[in-house]
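Quick notes on the structure that follows.
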Amino acid sequence: MRKTLILFALLILTASSSPKQEPFFRRAYLGMGIPEVKESEYLPFQALDEGTMKILQYRYPSPESDNAFVYYFFPEKNNFRLSIAGYIYYIEDDNARTLLVDKLTQQYSNIYGEGTYRNDANFKGYSWNLRDKALIIYNELGAQAVEQFYYDYGFVLQQLDDQYTQHQMARQQCADCPNVLCVPLSLSNFFGCRAYSQLDKI
């Protein structure tokens with residue numbers, strides 16, 4: 001009986017000491033398939049876009065915008081597994097978008113610490129490199145929207161590798177191509193560019 005109690009206590013301690021996996025976004029976990037994500041989401045289903053990047057879209061009731069949505073992205077290159085997810089708040093007024101970016105930035109700065117500010121012609125916002133994902137909040141001027149997205153690091157690195165391969169092939173055919181490699185999907189604005197000065201030697 002005593003051995004049984006000790007064993008039971010050890011099992012409890014082991015279970016309590018094991019780190020619990022946190023959701024990647026809302027109630028969905030990184031790497032989920034479309035059926036699993038649909039089962040985890042309780043918001044009104046809006047649409048499923050097919051293609052090399054399948055996208056689940058849900059209407060999101062938000063006090064910040066009457067036209068807000070939740071998005072889940074499933075890239076073909078990641079076997080249509082969840083790799084990107086987030087919110088989009090469509091707001092026509094630029095000042096209102098700026099205020100929302102500031103509000104969200106302050107909210108997440110209180111949680112994760114100060115983010116990294118990025119600013120160019122199309123994107124103004126902040127990014128956080130978290131333990132298992134990246135968070136980006138920015139004012140998408142072209143779409144007149146505030147976007148808040150989480151990215152899987154593995155997917156970003158895969159995109160970098162693919163982009164690097166394409167860049168190498170282009171360099172073999174074009175002597176005037178720039179020696180700068182950026183992450184696609186507009187991620188270069190937040191993860192930065194990589195300069196490959198040795199590409200001329202290929």
Side-chain angles (χ1 to χ4, degrees), residues 21-60 67-90 118 120 122-123 125-174 177-196 199 202:
Q21 184 184 10
E22 295 183 358
F24 175 68
F25 175 69
R26 294 175 63 81
R27 297 193 297 176
Y29 289 85
L30 190 65
M32 274 186 169
I34 292 176
E36 296 171 298
V37 172
K38 291 179 76 171
E39 186 176 345
S40 74
E41 187 56 77
Y42 59 83
L43 292 174
F45 177 71
Q46 189 76 15
L48 170 61
D49 294 337
E50 299 283 357
T52 56
M53 177 78 79
K54 294 186 178 181
I55 305 171
L56 279 177
Q57 180 184 7
Y58 293 85
R59 174 71 66 173
Y60 180 54
N67 197 20
F69 298 89
V70 163
Y71 287 90
Y72 296 92
F73 293 82
F74 306 83
E76 181 180 34
K77 290 185 178 180
N78 203 20
N79 298 317
F80 296 114
R81 295 291 173 176
L82 180 61
S83 301
I84 307 170
Y87 302 98
I88 295 184
Y89 308 86
Y90 291 100
R118 306 284 182 180
D120 67 18
N122 297 311
F123 298 89
Y126 292 81
S127 65
W128 289 263
N129 292 322
L130 309 179
R131 182 176 59 84
D132 57 349
K133 58 191 173 185
L135 168 61
I136 299 172
I137 298 173
Y138 59 98
N139 184 354
E140 169 59 282
L141 303 180
Q144 293 188 324
V146 171
E147 303 189 6
Q148 173 188 340
F149 277 99
Y150 296 87
Y151 290 85
D152 168 35
Y153 283 133
F155 176 69
V156 171
L157 292 175
Q158 182 185 54
Q159 294 294 335
L160 270 174
D161 290 340
D162 291 347
Q163 188 85 342
Y164 180 49
T165 300
Q166 295 172 12
H167 191 83
Q168 284 181 308
M169 295 174 63
R171 287 292 297 168
Q172 293 175 355
Q173 303 174 13
C174 173
C177 292
N179 276 348
V180 177
L181 173 64
C182 294
V183 188
L185 297 177
S186 302
L187 295 185
S188 59
N189 298 280
F190 300 96
F191 292 99
C193 298
R194 292 186 179 183
Y196 289 90
L199 284 178
I202 295 178

Query raised in the report: Would a distance-only check, ignoring hydrogens and angles, find a side-chain to backbone donor-acceptor pair under 3.5 Å from R59 to P44?
Result: no
Query raised in the report: Which atom names give the shortest non-hydrogen contact between L30 and S83, and what distance separates them?
Result: CD1-CA, 4.2 Å
Query raised in the report: Tell me, do Y72 and E41 make a side-chain contact under 4.5 Å, heavy atoms counted?
Result: yes
Report task. Could you list the residues that satisfy side-chain contact (heavy atoms from CB on, under 4.5 Å) with D132, not counting sequence neighbours? Result -> none
Query - 4.5 Å side-chain heavy-atom contact, K133 and F24 - result: yes
Query raised in the report: Between I137 and W128, is any pair of side-chain heavy atoms under 4.5 Å apart?
Result: yes
Requested in this report: Would you give the length of the straight line joining atom CD1 of I136 to atom OH of Y126, rounded to the nearest 0.5 angstrom?
Outcome: 14.5 Å
Query - Geometric cation-pi criterion, R26 with Y42: 6.0 Å, 45° - result: yes
**Report entry** Non-hydrogen side-chain atoms of Y29 and L82 separated by less than 4.5 Å
**Finding:** no
Report task. Run the salt-bridge test on R81 and E36 with the 4.0 Å N-O cut-off and return the result as yes or no. Result -> yes
Report summary line: The residue among F149, Y151, Y87 that forms ring-ring contact (aromatic ring centres under 6.0 Å, His included) with F25 is Y87
Listed pairs under 3.5 Å, donor-acceptor, residues 46-58 side chains, sequence neighbours left out:
unit_1	atom_1	unit_2	atom_2	d
E50	OE1	K54	NZ	3.4
Q57	NE2	Y71	OH	3.1

Query raised in the report: Just by modelled atom types, is the A145 backbone N or O under 3.5 Å from a matching donor or acceptor in the Y89 side chain?
Result: no
Query - Inter-residue atom distance K38.NZ - F45.CZ, 0.5 Å rounding - result: 4.5 Å
